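One is the number of the first residue; the rest follow in order along the sequence. Computed from a predicted structure; not experimentally measured.
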Amino acid sequence: MTAENEREIYHKLEAMKEIRNKTITLERLKRSILNEVRSGDQEGRCLAQYKREMELLQQEKMSHVEELRQIHADINAMETVIKQTEESMTRKLSNASRLHEDYRPLKTEVDLLRRQCLGLDRLPDLHEEEGSPITPDRFPALPAGAGASVGPGGGAGAGAAGRALGSFLPPAAPRKPPPPPPAFRSALDQDFITVSLRQQPPPMKSCLSCHQQIHRNAPICPLCKAKSRSRNPKKPKKK
């Protein structure tokens, strides 16, 4: 074998060795590439699932945002309704209290006239009415004597009651100071007595049944309840 043949064989062996080493490296790289591709594809499928889950979460978030927006809108609307209802309640209760201030002295006057003129019991109070929503402490009580005094020109309550009662009571005996009122008598009754004594005696006539003095124009005797008849009835005009 010549030297030239030996060198050719040696180069071939070196080439085979290099090819083997590079082939091993190539196989190693190929396996790495396949593994990475497989892992990448798996991550891609997971990524698609994650994105889908994210979309669902975003949709759920938006639904909750809409619910919260609606809840806030309902809260604002309810606050407006509550405020309007409170204002309406305050206004109505204030009107009721103002009307009660007019009702109280008028009822006192009516009760006084019923008792003194007709001997009737007082009318029931508002809280005593059947089915009434008013409780005894609904309206604050007035101080003693409030609304019963008689000022210039006459006042509501006792003053008006005294003037009305003077038209039906018989003339008083010779005037003398009234006896001291009982301890339980209210300031309204005291004012009524004072005003009644100050009244001028009205024109009177005798009742044909009990012969007591009554007002000339009284249709019914307040004492015996008999109908009043004139002693000189008008004769019907001749046609």
Side-chain angles (χ1 to χ4, degrees), residues 70-170 172-173 175-200 202 214-215 218-225:
Q70 186 62 44
I71 290 174
H72 284 299
D74 293 342
I75 289 174
N76 293 334
M78 186 57 65
E79 288 177 348
T80 301
V81 171
I82 290 174
K83 182 178 180 181
Q84 293 175 349
T85 304
E86 288 177 346
E87 293 176 352
S88 177
M89 178 191 68
T90 302
R91 183 172 61 254
K92 291 181 182 298
L93 293 181
S94 177
N95 290 340
S97 180
R98 177 176 53 80
L99 293 173
H100 188 261
E101 291 178 0
D102 297 334
Y103 169 85
R104 194 197 312 260
L106 182 58
K107 181 181 183 300
T108 301
E109 177 184 346
V110 171
D111 288 343
L112 185 60
L113 291 173
R114 285 167 60 90
R115 184 177 69 252
Q116 298 292 347
C117 297
L118 304 178
L120 299 177
D121 294 335
R122 67 175 180 84
L123 295 174
D125 291 333
L126 290 176
H127 65 275
E128 296 172 342
E129 296 282 350
E130 184 178 357
S132 174
I134 299 176
T135 57
D137 57 349
R138 166 66 72 175
F139 300 104
L142 289 176
S149 61
V150 180
R163 289 191 298 273
L165 188 59
S167 299
F168 295 97
L169 291 178
R175 297 182 182 178
K176 57 182 179 179
F184 62 86
R185 176 156 299 188
S186 65
L188 180 63
D189 291 336
Q190 297 177 23
D191 290 341
F192 168 74
I193 293 172
T194 302
V195 174
S196 297
L197 291 176
R198 292 177 181 175
Q199 296 291 330
Q200 295 297 326
I214 62 174
H215 192 275
I220 298 176
C221 177
L223 302 176
C224 67
K225 311 302 180 184

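- Of the residues R114, E128, R115, the one that meets the side-chain contact (heavy atoms from CB on, under 4.5 Å) test with R122 is E128.
- Rounding to the nearest 0.5 Å gives a distance of 10.5 Å between CD of Q70 and CD1 of I75.
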### Query
Stepwise, does the side chain to side chain contact (heavy atoms under 4.5 Å, CB included) test hold for L112 with E109?
CA-CA 5 Å; L112 185 60; E109 177 184 346; 5.8 Å; no
Can I get a per-line list of side-chain donor-acceptor pairs under 3.5 Å for residues 82-92, giving both atom names and the distance, sequence neighbours left out?
from	atom 1	to	atom 2	distance (Å)
T85	OG1	V81	O	2.7
T90	OG1	E86	O	2.9

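- For the pair E129/I134, no side-chain contact is recorded, criterion being any heavy-atom separation below 4.5 Å from C-beta on.
- In this structure, CG in D125 is found 11.5 Å from CZ in F139, a value given to the nearest 0.5 Å.
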### Query
Can you list the steps and then say if L126 with K107 is a side chain to side chain contact (heavy atoms under 4.5 Å, CB included)?
CA-CA 10 Å; L126 290 176; K107 181 181 183 300; over 6 Å; no
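- Contact detail for L123 and D111: the closest heavy-atom pair is N-OD1, 2.9 Å.
- The neighbour count for D121 CG, taken as heavy atoms of other residues, nucleotides or ligands under 6.0 Å away, does not exceed 12.
- The shortest side-chain heavy-atom distance between L93 and R138 falls under the 4.5 Å cut-off.
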